[in-house]
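Beneath this line is the structure, given in structure tokens, with notes to follow.
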2 protein chains.
Amino acid sequence: MVNKKDTTAEQKILTAAKKVFTMNGMAGARMQDIADEAGINKAMLHYYFKDKDKLFEVIFMAEAAKFFPKVNIIFESDMPLFEKINRFVNEYIDEIAENPYLPWFILNELNRDADQFMSKVWNMAHRPKPEKFLAQIEKEVKKGTIKRISPLHLLINLLSMTIFPFIARPMLMRTMQMDELQFREMIEQRRKEIPKFIIDSIKK
Amino acid sequence: MVNKKDTTAEQKILTAAKKVFTMNGMAGARMQDIADEAGINKAMLHYYFKDKDKLFEVIFMAEAAKFFPKVNIIFESDMPLFEKINRFVNEYIDEIAENPYLPWFILNELNRDADQFMSKVWNMAHRPKPEKFLAQIEKEVKKGTIKRISPLHLLINLLSMTIFPFIARPMLMRTMQMDELQFREMIEQRRKEIPKFIIDSIKK
DNA sequence: GTCTATAATTTGATAGAC
DNA sequence: GTCTATCAAATTATAGAC
């Protein structure tokens, strides 16, 4: 199933590999499956990307490199806290709508081989940088504009509520007996539910 | 690294296989690694469990079978809502302390091959049953004892905040520059932080 | 039951024609 | 650049001695 935008073989491979890698992980992905998905020959994968490790690295680095900076722009901006939380939730959901398997992909490989991942991808430019966000929470607590709360736990709560539903999608869909459309509706609702839930909890 | 409790070869294999499968997933696990971990021979794995698929299924079903009922006992009990939330968080963290890779294990295989998992493991006895919990929230909202909130989103928030940190452990440890001990301390704090955060958000 | 040695299979990688 | 055919390596599975 080749995307209409993918003209060159190289681009077809990248699109196919991204799909197969994200759905099966590095170990589970088959070069043959990537070739089939791209509608080309297996030998072509090696012609363009040398070997499986290299192909994986190209995909993985590109995805992480696109993703984390977007989050960091929000975390490091000068917006008020509540607006920042709102923006984070919405931008994250926007991003995942285009790359449904991305969070899974990143966490999966981080769990599998954290050290290798760090050395190749998690460099200065591409890692999450929450320091400013944490300091901002601390400041608001001290000013007394929000309740006393641990900045770390607030950040983890925000990340958890935003990211987890995408990772646990199959479990949630089955447990709650949701179909594809209902799942998407649930996610859309969370654009407002998550900020509201957080703000209700910490506002004075 | 054989556990002192594991006397028989079969038990050694089960313990070793659980560890290797949960750390590497089905596709990434190597039969040789399981044999080494168990301190026995590779042929023994096949003698006791026929093949890799069968061994995986035995482990996986056993873990899921133990885990979900514990959660369900809480969800289906007659405790007051706030107490139920508190108990869920604490029992879940207790459980994961003994099986750190279990949530990852379950979600990983659910993402990889949901249909097969469902047919073999997710049967009547072993699936999560949140219906009573959802109804209880609905009832409290109608009584006016808590704020108006979607029961579904409250449940997802609870699951997210409790489970996500374990799944995202490598990312959190690296991003927040935590060592093993600091991570465990953070988790311990969440026993109180999560219920407090939720209750602050929904209490009137 | 447990082992060593080996077969069988899967899968990644390459050679060589076009 | 692209393909078919084939090789090489990794990995699962089994045969057979003890």
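Any value given below was found using the heavy atoms of this structure, including those in side chains, with hydrogens, waters and symmetry copies removed. Naming: A, B, ... by sequence-line order, numbering from 1 per chain.
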May I ask you to verify if any side-chain N or O of [X] is less than 4.0 angstrom from the OP1 or OP2 atom of [N]?
| X | N | value |
| --- | --- | --- |
| B:His46 | D:dT14 | no |
| B:Tyr48 | C:dT2 | yes |
| B:Arg30 | D:dT12 | yes |

What is the separation between atom [atom1] on [X] and atom [atom2] on [N], rounded to the nearest whole Å?
| X | N | atom1 | atom2 | result |
| --- | --- | --- | --- | --- |
| A:Asn41 | C:dA15 | CG | C1' | 13 Å |
| B:Met31 | C:dC3 | CE | C1' | 16 Å |
| A:Ile13 | D:dG1 | CD1 | C1' | 11 Å |
| A:Ile40 | D:dC3 | CD1 | C1' | 11 Å |
| B:Tyr47 | C:dG1 | OH | C1' | 5 Å |
| A:Lys54 | C:dA13 | NZ | P | 13 Å |
| B:Leu45 | D:dA13 | CG | P | 10 Å |
| A:Gln32 | D:dC3 | CD | P | 12 Å |

For a quick check of understanding: with a heavy-atom distance under 4.0 Å over all strands, which category does [X] fall into, base, sugar-phosphate or nothing?
| X | value |
| --- | --- |
| B:Phe49 | nothing |
| A:Met44 | base |
| A:Asp51 | sugar-phosphate |
| B:Ala29 | sugar-phosphate |

Is the shortest distance from a Lys or Arg side-chain nitrogen in [X] or [Y] to a carboxylate oxygen in the other one below 4.0 Å?
| X | Y | value |
| --- | --- | --- |
| B:Lys18 | B:Glu63 | yes |
| A:Glu180 | A:Arg169 | yes |
| A:Lys70 | A:Glu91 | no |
| B:Asp94 | B:Arg87 | no |

Run the salt bridge (Lys or Arg N to Asp or Glu O under 4.0 Å) check on B:Asp33 and B:Lys19 step by step: do they pass? CA-CA 10 Å; B:Asp33 293 341; B:Lys19 180 170 178 182; over 6 Å; no
B:Lys42 vs B:Ala9, nearer the 5' end of DNA chain C by closest nucleotide: B:Ala9
